[in-house]
Protein chains: 2
Amino acid sequence: MSSTQLSRKEQIDQVATSLFKSRGFAATTMRDLALELGIEAGSLYSHIKSKEDILQRVCFKMADEFNAAFDEVKNKDVPAGEKLRLAVAAHVRVLTKNPPAAGVFLNEWRHLSEPSLSKFHDMRFQYEESLREIVREGIASGEFKVTDEKFVVLTLLSSLNWLHMWYKPEGKMSPDDIAEFLSNLLLNGLKNF
Amino acid sequence: MSSTQLSRKEQIDQVATSLFKSRGFAATTMRDLALELGIEAGSLYSHIKSKEDILQRVCFKMADEFNAAFDEVKNKDVPAGEKLRLAVAAHVRVLTKNPPAAGVFLNEWRHLSEPSLSKFHDMRFQYEESLREIVREGIASGEFKVTDEKFVVLTLLSSLNWLHMWYKPEGKMSPDDIAEFLSNLLLNGLKNF
DNA sequence: TAAATTTGCTAACGGCCGTTCGCATTAGTA
DNA sequence: TACTAATGCGAACGGCCGTTAGCAAATTTA
């Protein structure tokens, strides 16, 4: 039993999100979605504008959450290594709070049409750029021995963004445990973990 | 101009692969595919059995390549760290040899239907298990300081399997450069790179 | 109570989907 | 030359797709 009351529209978004994640946006039909909600397909349109309408809401809501979480880290005056830890923790927290939405955000955004698609691209680039800036700080101060910040951030995000594929809230690792593990692995490596 | 002659069927597989990768399997129509090849949709069926037929060939061909590359590493008598380096290099080599096929292998396999889907799952599990075995060796010998080999392999594969998203053959890093970078990052971390 | 909003149904629309069929044309082979 | 295989066309099939329209209950608000 849920503690907060969801509007019908929010229910639709939520159920659609888990279908989009497990079957993909293109392979999910409005009739599937309606069936899952126990209503007819046509009835959905009393609440939503279109199928892509749902996708847009999910994608941009998640984007906002990532940005909000990162904004709290961005301007802290701590060493780069520590800042990276905080950024990883923030990212993991968003990712694990709603794994289906995270999955849609990460894998289904390409089904957005213009101009949403371009807007999404821009937001994503900005986010990645902020992470690169942290790594550049660490390189400049000598804290990080690596030289290619682009590659590092790509690798970092790759490991983070696979999380939603296997993370289960009932598992034995909490989001913070996961964040700590990933930070240690990235910063110290297998041999110095 | 290509050096080896492709049969029509191979051409179809190749063009389909890049469409499946860029648009997704479900969002790619046979008419799209035919258009790209300059023929009519119905004509495709002189060469292939069905749409999923193509997906199966691509997925299992890639699976075979990963297994073949890994088999050359598996039983080498070298320290775990070195073996992991070799495994990473082998994986990267397969991944970069044909990025579109790699993308389909990694993201579109879920559109396989039974019994192909189960077979695919099994092969994948076996592959991952072999990697975990290497990490376990490293932990047992004290070479690796980490404790959770499952998590390590998940993270490793995550970073590797994002590669096809940004790798461009004409870029300045060769597959072996990439493999070396990733191995160093994983083994030594940002701080000791 | 009356009005307004929310929620849902049934039926249908135009269109696109994967696939099949029968028939041609071309290229390779003996 | 005649046979065979490879290749392709055009039309059509049954079916599913997202979406719309008109209408009816139910629920909330005033």
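In the text below, chain A, chain B and the rest are named by the order of the sequence lines, each starting its count at 1.
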*asked:* Applying a 4.0 Å non-hydrogen cut-off, can you work out what B:S7 is touching in the nucleic acid: base, sugar-phosphate, or nothing?
replied: nothing

_Parallel, tilted or perpendicular, judged at 30° and 60°: which one describes the rings of A:W109 and A:H121?_
perpendicular

*A:K9 has an atom NZ; how far is it from atom P of C:dG8, in whole Å?*
15 Å

*Verify the distance criterion only: is there a donor paired with an acceptor across the side chains of B:E52 and B:Q56 at less than 3.5 Å?*
yes

*Separation of A:L33 atom CG from C:dG8 atom P, in whole Å?*
12 Å

*Does a side-chain N-to-carboxylate-O contact under 4.0 Å join B:R23 and B:D32?*
yes

_Within 6.0 Å of CD in A:E72, more than 12 heavy atoms from elsewhere_ = no

*asked:* Reading DNA chain D from 5' onward, which residue's closest nucleotide shows up sooner: A:R31 or A:S43?
replied: A:R31

*If you draw the axis of the six-membered ring of B:F125, does the NZ or CZ of B:R132 fall within 45° of it and under 6.0 Å from the ring centre?*
yes

_Touch class at under 4.0 angstrom, heavy-atom based, for B:T29 against every strand present_ = sugar-phosphate

*Examine C:dT19: is either OP1 or OP2 under 4.0 Å from a nitrogen or oxygen in the side chain of B:Y45? Give yes or no.*
yes

_What is the distance, to the nearest angstrom, from the CE atom on A:M30 to the P atom on C:dC9?_
14 Å

_Stepwise side chain to side chain contact (heavy atoms under 4.5 Å, CB included) test for A:L37 and A:L44_ = CA-CA 9 Å; A:L37 287 157; A:L44 290 166; 3.9 Å; yes

*Between which nucleotides of DNA chain D, read 5' to 3', does contact with chain A run, using atoms under 4.0 Å from its heavy atoms?*
D:dC17 to D:dT20

*What is the distance from CD of B:E40 to P of C:dG22, rounded to the nearest Å?*
19 Å

*Value in whole Å for how far the C1' atom of C:dG8 lies from CD1 of A:I12*: 11 Å

*Calculate the interatomic distance between A:L44 atom CG and C:dT6 atom P; express it in whole Å.*
17 Å

